[in-house]
Amino acid sequence: MILIKLGGSVITDKSEYRKFDEEQTSRLCKEMASSGKNVMVVHGAGSFGHVIAKKYSLQKGLEDFSQIPAVVQVQYDVRELSQYVVKELMKAGLPAVSVPPGSCFVMDNGRLIADNDETIKALAHIGIMPVLFGDVVADRSKGFGICSGDQAMEVLAKIFKPDKIVFISDVDGLFTADPKSDKDAKLIEDVTNENLGSISSELAVADVTGGIRGKIEEMLSMCNYTDECVLLNGTVPGRLQAFLKGEQVTCTRVRA
Ligand code: IP8
């Protein structure tokens, strides 16, 4: 199985609250289906989650009960986004169902506790793809917490030990500087524990779930459960499909 995270930057317009990119999501789902590979999808929250989560500091957990309307609004919005993603998967012929982490798991101090994984395993066993996503989840010590799609990826990687793990975003991979503002930025094709230290923390992006550095650290720890873990640009038509078919494509490979 190949575990794929559709980042919020490819399925939504991150600059506009609740703007779904139907065309791009549809294309990516079709690329998955036509590759003929067995895939499982997780997705990020994009502008359905980060805009309000940031405004009300939801990443800090419960500080003030005035945050509660924002908590339920984000939960509502990301469930709606998930239905849109699942609709595109189904249109492409991939049987999928949205499984909100906030409805079946709990967190403790910001980490997802996924000991109750029977539903996910049972769905996968009968050929239905459980689609997890970035969500607000009840937290034993902080009241609530932000569960990123990356945390959901880690849980699924541990359960299913996928052949490959793919993180899809709107850039070619990890760069020496921000490729959107620096034309001299160079793609780093291989990241290991050894060269991680040289990666600038300035590459952090303004998401409540942390920047690229945190993502790479999560990817390194996921290498325990898979042979190959990559960052890939989903805005380039055909690239995901080529990767799934085993062709050489532009991307960053993370190795433990
Ligand atoms: O987009 C964030 O998940 P991510 C979840 O995978 C929320 O980082 C609710 C902001």
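Computed from a predicted model, the values in this text were never measured in an experiment. Read the numbers this way: they start at 1 and go in the same order the structure lists the ligands and their atoms.
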**Message:** Could you report the tightest heavy-atom contact between Gly44 and Ile11, atom names first, then the distance?
**Reply:** O-CD1, 3.8 Å
**Shortest non-hydrogen contact from Gln75 toward Val136** = NE2-O, 2.7 Å
**For Met129 against Val39, the heavy-atom pair lying closest together** = CE-O, 3.5 Å
**Asked** In ligand 1, which numbered atoms sit nearer than 4.0 Å to a non-hydrogen atom of Lys5?
**Response** 4 (P), 6 (O)
**Atoms of ligand 1 close to Ala45 [distance to a heavy atom under 4.0 angstrom, numbered from 1]** = 1 (O), 2 (C), 4 (P), 5 (C), 7 (C)
**Message:** For ligand 1 and Asp135, I'd like to know whether there is a polar contact (N/O to N/O, distance under 3.5 Å).
**Reply:** no
**Asked** When only distance counts, is His43 in polar contact with ligand 1, meaning an N/O pair under 3.5 Å?
**Response** no
**N/O separation below 3.5 Å, Val136 to ligand 1** = no
**Fill in**
For Val74, the ligand 1 atoms with a heavy-atom partner under 4.0 Å come out as 9 (C)
**Asked** Quick one: which ligand 1 atoms are inside 4.0 Å of a heavy atom on Gly134?
**Response** 3 (O), 5 (C)
**Request:** Tell me, with the steps shown, if Asp77 and Tyr17 meet side chain to side chain donor-acceptor pair (under 3.5 Å).
**Result:** CA-CA 10 Å; Asp77 288 344; Tyr17 175 51; 2.5 Å; yes
**Message:** Both conditions, 6.0 Å and 45 degrees, for the charged tip of Lys14 above the ring of Phe48: are they met here?
**Reply:** no
**Item:** Residues Arg79, Asp135: salt bridge by 4.0 Å N-O rule
**Value:** yes
**Request:** Report yes if some N/O of Gly149 lies less than 3.5 Å from some N/O of ligand 1; otherwise report no.
**Result:** yes
